[in-house]
Amino acid sequence: MKPEEPLKVMISGAPASGKGTQCELIKKKYQLVHIAAGDLLRVEIAAGTEKGKRAKEYMEKGMLVPDEIVVMMVKERLLQPDAQENGWLLDGYPRSFSQAKALEGLGIRPDIFVLLDVSEENLVERVVGRRLDPVTGKIYHLKYSPPENEEVAARLTQRFDDTEEKVIMRLQTHHQNMEAVLSIYKDITVRINGDIPKEDVFAEIDKALSSIIENKSKTALSMGAGVSQICQCSSKDGFM
Ligand code: AP5
């Protein structure tokens, strides 16, 4: 049964902790609208816009892109009808206290804040081995998720910020900001071990999301029952 209120999920974690990989799996099962701050920025870069040019300067240094670029971009995407109707899966946002506060100010709060925990050793290995398929958008890893065939292998690309040197800077930025973001979502944070195979990570996330959906359905049902009781009382009292 589809809950009354669509599911709203935030997924967070260090660079290359597996957010994008898990989003592919979550999207497939729950049909949420996937909104990735990094992808929105890369679209601007590829289009050669002013925003994209400015964003790239920060991304190359592993720093956060300024709020005046990112906040509006994400907000506009979140408020589109598809995300409002089907629910959303926000990936890599918010990454700072000010970004989280901006969402709170708009009354946008998720049902769950999923935090992937991965050791630094694995993060570096995942960054260096990551490859992307420009045709399907699928994420691969040369060792852990190799391409299915030669044709796909030949067209894989690497992100400009996926070097060992840049990931160290991205990790520093992540550590500097994470505690402040967590302070806002403490009560709805679910920490998941991301060091295990991707299917096992997904099984944990799936459990957490299923339980939220179940609770939402129960709430919707009990509210429905409440409304029908009020209607019955009103009609007995001659109001209807
Ligand atoms: P963004 O694009 O969001 O990059 P990121 O946070 O660094 O995360 P990644 O996309 O690198 O990794 P991921 O966690 O999605 O991992 P993936 O699934 O690909 O941001 C890039 C930059 O944009 C930032 O540095 C910043 O400058 C800017 N930016 C973005 N958002 C911003 C914001 N809100 N504010 C300001 N600036 C912002 O997996 C990685 C690899 O590991 C893959 O090869 C995958 O196959 C493999 N893998 C995944 N899971 C497993 C597993 N369980 N076991 C083995 N291998 C695995």
Side-chain angles (χ1 to χ4, degrees), residues 10-27 34-45 51-52 54-75 77-78 89-103 114-119 121-133 137-147 156-178 180-181 192-205:
M10 279 181 187
I11 184 158
S12 182
S17 52
K19 301 182 290 295
T21 301
Q22 292 307 317
C23 285
E24 280 177 8
L25 300 168
I26 297 170
K27 205 168 57 171
H34 178 207
I35 303 170
D39 289 349
L40 294 178
L41 291 167
R42 281 183 286 277
V43 167
E44 295 287 333
I45 295 175
K51 270 190 219 164
R54 276 196 67 208
K56 193 171 182 199
E57 288 170 26
Y58 290 88
M59 289 163 82
E60 280 187 324
K61 293 183 198 138
M63 291 163 68
L64 291 184
V65 172
D67 281 0
E68 71 258 24
I69 298 178
V70 185
V71 173
M72 278 304 284
M73 213 182 255
V74 172
K75 182 190 134 188
R77 185 64 194 91
L78 267 176
L89 172 59
L90 193 49
D91 164 5
Y93 189 98
R95 288 197 199 218
S96 65
F97 190 71
S98 60
Q99 291 180 3
K101 276 287 173 195
L103 285 187
V114 175
L115 179 62
L116 299 176
D117 274 326
V118 176
S119 69
E121 197 188 333
N122 279 342
L123 292 173
V124 175
E125 195 193 8
R126 287 186 189 181
V127 161
V128 178
R130 171 169 45 195
R131 296 293 182 273
L132 301 169
D133 183 343
K138 201 172 162 194
I139 306 165
Y140 291 92
H141 191 279
L142 296 179
K143 180 169 163 192
Y144 300 112
S145 238
L156 294 184
T157 58
Q158 195 170 14
R159 258 168 55 177
F160 67 84
D161 54 351
D162 269 355
T163 61
E164 195 165 341
E165 180 205 8
K166 287 192 177 129
V167 77
I168 308 274
M169 296 190 288
R170 284 158 62 195
L171 271 171
Q172 275 168 2
T173 305
H174 170 77
H175 291 316
Q176 279 158 10
N177 292 289
M178 210 50 228
V181 174
I192 307 265
N193 176 12
D195 272 321
I196 52 182
K198 66 178 181 184
E199 295 76 14
D200 300 338
V201 178
F202 178 66
E204 291 303 309
I205 295 177

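Start at 1 and go down the list; that is how both ligands and their atoms are numbered. Side chains are part of it too, since the values below use all heavy atoms of this structure and drop only hydrogens, waters and symmetry mates. Small disclaimer: the values here were computed from a predicted structure and weren't measured.
Using a 4.0 Å cut-off between heavy atoms, Met63 contacts ligand 1 through its backbone alone, with no side-chain atom that close. Only the side chain of Leu41 comes within contact range of ligand 1, with a heavy atom under 4.0 Å; no backbone atom does. Residue contacts with ligand 1 for Asp161 involve side-chain atoms from C-beta outward but no N, CA, C or O (heavy atoms, distance under 4.0 Å). Only backbone heavy atoms of Pro197 (N, CA, C or O) come within less than 4.0 Å of ligand 1; its side chain stays farther off.
Atom 11 (O) of ligand 1 has Arg130 NH2, 2.5 Å as its closest protein atom, hydrogens excluded (heavy atom only). In terms of protein heavy-atom proximity, atom 18 (O) of ligand 1 is closest to Thr21 OG1, 2.6 Å. Regarding atom 25 (O) of ligand 1, its nearest protein heavy-atom neighbour is Arg170 CG, 3.8 Å.
In summary, the atoms of ligand 1 found under 4.0 Å from a heavy atom of Met59, numbered by their order in the structure, are 22 (C), 23 (O), 27 (O), 28 (C). For ligand 1, the atoms sitting less than 4.0 Å from at least one non-hydrogen atom of Tyr93 are 34 (N), numbered in the order shown with element in parentheses.
For atom 1 (P) of ligand 1, the nearest non-hydrogen atom from the set Arg95, Glu60, Lys19, Lys143 belongs to Arg95.
Note: an N/O pair closer than 3.5 Å links Lys198 and ligand 1 by distance alone. Residue Val70 has no N or O atom closer than 3.5 Å to an N or O atom of ligand 1.
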